[in-house]
Amino acid sequence: AFGGAAKARSASDINNSVARALRDLYRTHPDARRVAADSHGALVMPDIIKAGFVIGAAYGEGALIKDGRTHSYWKYTAGSVGWQAGGQRTRMAIFFMTKKALRGFLTGDGVEMGLDAELTVIDGGADVGLDTTTDRYDVIVYTFGRAGLLGGASYTGGQYTRIRR
């Protein structure tokens, strides 16, 4: 189920995958259209693969969309340790709601650290809708299109890195 997703992809492949992911996001989460319209940019990771048994890893490639166009290409890599088992594919869209948040992402080191507790069911996963205005948030993240079975609680460290395509 996960074969072929973690290989380097061409710019055209990434752009096509990002467009499909956004269409699916807007179809399944109509409020995301408003979030996108209000944002200063979005990092869309159309295919992140996670797998682990005690020690885990994740990888995905995507694009930063700014002013309706691809601004740059990015990869996401992560490692985790803790009680965890299984594998999962997921999609993620990170909307930067302020110029400061977008600038911070583009000029920062791209590292994210945190505690991660998750349980994902085949073709499932819970998402929380927004019922307030987007101007209260610097960054809004949607995870969607989950498939696979991954459960556990782990300490996760990840990094977004700009790539050339």
Q: May I ask you to decide if the ring planes of H29 and F144 are parallel, tilted or perpendicular, using 30° and 60° as cut-offs?
A: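 Perpendicular.
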
Q | Pairwise side-chain contact, D31 with Y142, heavy-atom cut-off 4.5 Å (strictly under) | A |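 D31 reaches Y142 side chain to side chain.
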
Q.
Side chains of M92 and V141, heavy atoms from C-beta outward: is any pair under 4.5 Å?
A.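 Answer yes - side chains close enough.
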
Q.
Applying side chain to side chain donor-acceptor pair (under 3.5 Å), can you list everything that pairs with T28, at least two apart in sequence or on another chain?
A.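 Side chain to side chain donor-acceptor pair (under 3.5 Å) list for T28, sorted by chain: empty.
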
Q) Checking Q84 side chain against V54 main chain: does a donor-acceptor pair fall under 3.5 Å? A)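 Between the backbone of V54 and the side chain of Q84 there is a qualifying donor-acceptor contact (under 3.5 Å).
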
Q: Using the side-chain hydrogen bond (donor to acceptor under 3.5 Å, both in side chains) rule, take N15 and Y73 through it: C-alpha gap first, then chi angles, then the decisive distance, then the call.
A: CA-CA 9 Å; N15 289 339; Y73 296 98; 3.0 Å; yes

**Q.** Pairs involving residues 63-88, ordered by first then second residue, that meet salt bridge (charged side-chain N to carboxylate O under 4.0 Å, His left out) (sequence neighbours left out)
**A.**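 Residue pairs passing salt bridge (charged side-chain N to carboxylate O under 4.0 Å, His left out), neighbours aside: none found.
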
Q.
Please find the pair of heavy atoms, one from V44 and one from P46, that lie closest to each other, and give the distance.
A.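 Looking at all heavy atoms of both residues, the closest pair is O-CD, 3.3 Å.
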
Q. So which heavy atom on A36 is nearest to which on Y26, and how close?
A.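 Answer, listing the atom of A36 first, then Y26: CB-OH, 3.3 Å.
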
Name each donor-acceptor pair under 3.5 Å that joins a side chain in residues 18-25 to protein atoms two or more places apart or in another chain, with its distance.
from, atom 1, to, atom 2, distance (Å)
R20, NH2, S17, OG, 3.2
D24, OD1, R27, NH2, 3.2
D24, OD2, R91, NH1, 2.4

Rounded at 0.5 Å granularity, tell me how far [atom1] in [X] sits from [atom2] in [Y].
X    : Y    : atom1 : atom2 : result
L43  : S72  : CG    : OG    : 8.0 Å
F95  : L102 : CZ    : CG    : 12.5 Å
L64  : L106 : CG    : CG    : 5.5 Å
D138 : T98  : CG    : OG1   : 4.0 Å
Y59  : K50  : OH    : NZ    : 16.0 Å
I140 : M97  : CD1   : CE    : 4.5 Å

(Q) For E61, run the salt bridge (Lys or Arg N to Asp or Glu O under 4.0 Å) check against R164, R165, R162 and tell me which one passes. (A)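 For E61, the salt bridge (Lys or Arg N to Asp or Glu O under 4.0 Å) check succeeds only for R165.
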
Q: Applying salt bridge (Lys or Arg N to Asp or Glu O under 4.0 Å), run through D47 and R89 and close with a yes or a no.
A: CA-CA 6 Å; D47 197 18; R89 290 179 95 138; 2.5 Å; yes

Q. Taking it one step at a time, do Y160 and I94 satisfy side chain to side chain contact (heavy atoms under 4.5 Å, CB included)?
A. CA-CA 12 Å; Y160 296 93; I94 303 170; 3.5 Å; yes

Q) Is the F96-F105 ring centre distance short of 6.0 angstrom? A)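 Distance test on ring centres: under 6.0 Å, yes.
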
